[in-house]
Amino acid sequence: METFQSVLAKKLSDALAAAGLPDAGELTLASDPRFGDYQTNAALILGKQRNENPRVLAEKIVAHFVTDDLCEPPAVAGAGFINFTLRPAAVAEKTMEVLRDDRLGVAEAKSTQRIVIDFGSPNVAKPMHVGHIRSTVLGDALARIAQFLGHEVIRDNHIGDWGTQFGMVIYGWKNLLDRQALQRNPLAEIVRIYKETNERAARDPEVREACRQELIKLQAGDKENLDIWNECVAFSMQDFERVYKLLDIHYDIQCGESFYHDRLSGVVERLLESGIAEISEGAVVVFFRENSELADKPLIIRKRDGGFNYATTDLATIDYRMNDLKADAVWYVVGAPQILHFKQIFEIARREGYTAELRHITFGSVLGEDRKLMKTRSGENVPLRELLEEACKRARKIIEEKNPQLSDDEKSDIAQKIGIGAVKYADLSQYRMTDYVFSWDKMLSLQGNTAPYLQNAYVRIRSIFRKAGESAPRIDELVLADSAEINLAKRLCQFAESVPQVLNDFRPNILANYLFEAANSFHTFYEACPVLKSEEPTRSSRLALCDLTARVLKHGLGLLGIQVPEKM
Ligand code: ARG
């Protein structure tokens, strides 16, 4: 289905051609709705390019613009902007199309890809903490949106389950383990022995050496050490799974670092053979001499002692994703500290001849109320599971106050939707590169750009239908008269414009902000336009608009990984 934006852009392009001008500028939503619904800066751009008066150019474009029944004759404003205002009849017609469409007007992407999304990817023997929220929630939202747009998505959890930390974990397991504590809280006990070994190793070279030996034994396939490793991975995975369940997140594959273990030497051999890597001071190294940015940043892929590292694993991972999974694109949703790492890896992949699109999607940090990296009072990372449970607890309190007569089960279910939704939305509604302050009061507020506000708008609509004892009416035509209902209808048609935009620069905040605007337009409409008390055909038409709003909110929030309750 075409959107207003795409139809107007085509018409603009035709007008430019008819005026003997090339395509230029953009057609976007109007920055100020008083001047219209959409605008273009085409005349401004052309004016600059050709050193001509932009207002004169704008008049020329407008003179060639064919409006049909879609919009009013476009108006020139300011230094040479052209504004477009849709005709209510065109809005009513398009809204009917959206109303009848399961996809709410959202077209599938023109060319679809097979995309591996590498997100979350926590490390074993450490609990997931607040720092994992961004990668996990952002990656999940991008996966949902890409899938909805018709891409084939493979969600991959690249778990850190094979690294030098295991020398310490195994040493700790053999020397410090408290079996009872392990039974009570396995991950906490593993973290404890790991930390304590770490401290001992820092003081005592003998412990350090013993850990190194344990690691070598593990990598050589020693049975006892492999068993311990397996057990630690299983305990960690159980903890991760609980978090994923709370978050309603699933993976298609979970190929952790260990999955690539026996492919690493092959990768290094191949890179040596092809001349991409070379031996330098006993290590195998890739130099980037031709790349000015990386020229002084060589990458070791096999250490002098023969050991492989994180980078070697990522190279093997690319091979697998290209050759076995046949990916057209890989999106790595990983924090900014790894920018250099991925630049190096991507450059090597390019030299190997891989043509897939490799993207590193970075993000800013989650801050505490003191604007420093969020920590617990004792200075530790905040465990993610505790944080999410707290979110549900706080949401439950709100429900107890707002709607005490609900049953206990209903309360728990709603609390989870609101609590988890609030945490996700606080993250996704921000531009991903900005740091944000984690504030319970703000994210759980029923006012402002929050998940509970949007969920509440949805619930209000559901309660209109409950009150009326009706479901959405079947109508053949929308009656749009009041400006508030015209605006709401326009807004609902724009869902189809905002969803694909998210993937241009991986910005779910575009969708979040769209939903916020849609909820605002609904509230304005609801204040201004009586629904159940109005006469037919207005009544049915307005009910249909209410229903469409609810569908857009539910679907849009769903694409962000946020569920809606029916009551709250
Ligand atoms: N486990 C890594 C970390 O916590 C993230 C892995 C990201 N993915 C990758 N293919 N390197 O830093």
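Counting convention: from 1, in listed order, for ligands and their atoms alike.
- In summary, Glu199 and Lys195 do not engage in a salt bridge, as defined by a charged side-chain N under 4.0 Å from a carboxylate O.
- Close contacts between ligand 1 and Asp118 involve ligand atoms 7 (C), 8 (N), 9 (C), 10 (N) [criterion: under 4.0 Å to a heavy atom].
- Each of the atoms 1 (N), 2 (C), 3 (C), 4 (O) of ligand 1 lies under 4.0 Å from some heavy atom of Asn123.
- Under a 4.0 Å heavy-atom criterion, Val334 is in contact with ligand 1.
- For residues 290-302, the set of pairs meeting the side chain to side chain donor-acceptor pair (under 3.5 Å) definition, not counting sequence neighbours, comprises Glu293-Lys343.
- Taking OH from Tyr458 and CE from Met568, the interatomic distance works out to 12.5 Å, rounded to the nearest 0.5 Å.
- Under 4.0 Å is where a charged nitrogen must lie from a carboxylate oxygen, and between Glu241 and Lys245 no such pair does.
- Taking a cut-off of under 4.0 Å to the non-hydrogen atoms of Tyr310, the atoms of ligand 1 that pass are 2 (C), 5 (C), 6 (C), 7 (C), 9 (C), 11 (N).
- The pair Arg270-Glu273 does not count as a salt bridge, with every side-chain nitrogen at least 4.0 angstrom from each carboxylate oxygen.
- In this structure, a donor-acceptor pair under 3.5 Å is absent between the side chains of Tyr425 and Gln430.
- Ligand 1 places these atoms under 4.0 Å from at least one heavy atom of Tyr332: 10 (N).
- In this structure, the side chains of Leu246 and Gln416 come closer than 4.5 Å at one or more pairs of heavy atoms.
- Nearest protein neighbour of atom 12 (O) of ligand 1, counting heavy atoms only, is Gln338 NE2, 2.9 Å.
- Per-residue contacts place Phe342 under 4.0 angstrom from the following atoms of ligand 1 (heavy atoms of the residue considered): 9 (C), 11 (N).
- In Asp314, the part holding a heavy atom less than 4.0 Å from any atom of ligand 1 is the side chain.
- Checking only distances, Ser121 does come within under 3.5 Å of ligand 1, N or O to N or O.
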